[in-house]
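Written out below as structure tokens is the structure these notes cover.
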Amino acid sequence: MHKILLILIILYSSLLSENIKWHSSYAKALSIAHKEQKNLMIFIASSKTKTSNIILGKYFKNEKYNKFLNENFVNVLITVEYKTSYPIELFYTNVFPSIFFASYKDESFLTHPIYGLKNQEDFLNTLYSLGYK
């Protein structure tokens, strides 16, 4: 009985939390961005580095700014080792993870890219420059 109650509590709390809504297809995300007139946040990760998973788990789960990201951006998660097609010439990096914020209109940068995200403060400063309050 206690196990069932614990599972119900965990499920209920996960329903109340705000997590990032990730898309794995750049083309599909861009199409959605055009339709919804939202800009793009592109998170480029490598499965060969532990840092990408640590950052995803540490900075993108149940954070206050996740609601801002979901409301204002179409969020794309690209893992470079998988055969995911994306405009590598626009979002080139060899440092992981890297985050790009791009316009849905012409895919131009909205702010400087974040290469090798090291701390949450850098990410928050970028979000503040994009209108997060």
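Note that these values count all heavy atoms, side chains included, but never hydrogens, waters or copies made by symmetry. The first residue in the sequence is number 1, and the count goes up from there.
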For this session: Could you note down all residue pairs passing salt bridge (charged side-chain N to carboxylate O under 4.0 Å, His left out) where residues 123-133 supplies at least one of them, sequence neighbours left out?
Result: none
Between [X] and [Y], is there a donor-acceptor pair closer than 3.5 Å when you use the side chain of the first and the backbone of the second?
X: Thr79; Y: Tyr82; value: no
X: Lys38; Y: Asn75; value: no
X: Thr126; Y: Asp122; value: yes
X: Asn53; Y: Ser47; value: no
X: Ser108; Y: Ser103; value: no

Exercise. What heavy-atom pair brings Phe43 and Leu77 nearest, and what distance separates the two atoms?
Worked result: CD2-CD1, 3.4 Å
For this session: List in chain and number order the residues that pass side chain to side chain contact (heavy atoms under 4.5 Å, CB included) with Ser31, two or more places apart in sequence or in another chain; answer none if no residue qualifies.
Result: none
For this session: State which residue, out of Glu63, Lys67, Lys61, fulfils the side-chain contact (heavy atoms from CB on, under 4.5 Å) condition with Asn19.
Result: Lys61
Check whether [X] and [Y] end up in the same hydrophobic cluster, where Ile, Leu, Val, Met, Phe, Trp and Tyr are linked by side-chain heavy atoms less than 4.5 Å apart.
X: Ile44; Y: Met41; value: no
X: Trp22; Y: Ile54; value: no
X: Tyr104; Y: Ile32; value: no
X: Tyr128; Y: Leu110; value: yes

Can you find a heavy atom in the side chain of [X] that is under 4.5 Å from one in the side chain of [Y]?
X: Leu56; Y: Ile20; value: no
X: Phe91; Y: Phe109; value: yes
X: Ile55; Y: Phe60; value: yes

Problem set entry | Spatial distance of atom CG (Asn72) from atom CG (Leu40) [nearest 0.5 Å] | 12.5 Å
Problem set entry | Set of side chain to side chain donor-acceptor pair (under 3.5 Å) partners for Tyr65, sequence neighbours left out | Gln120
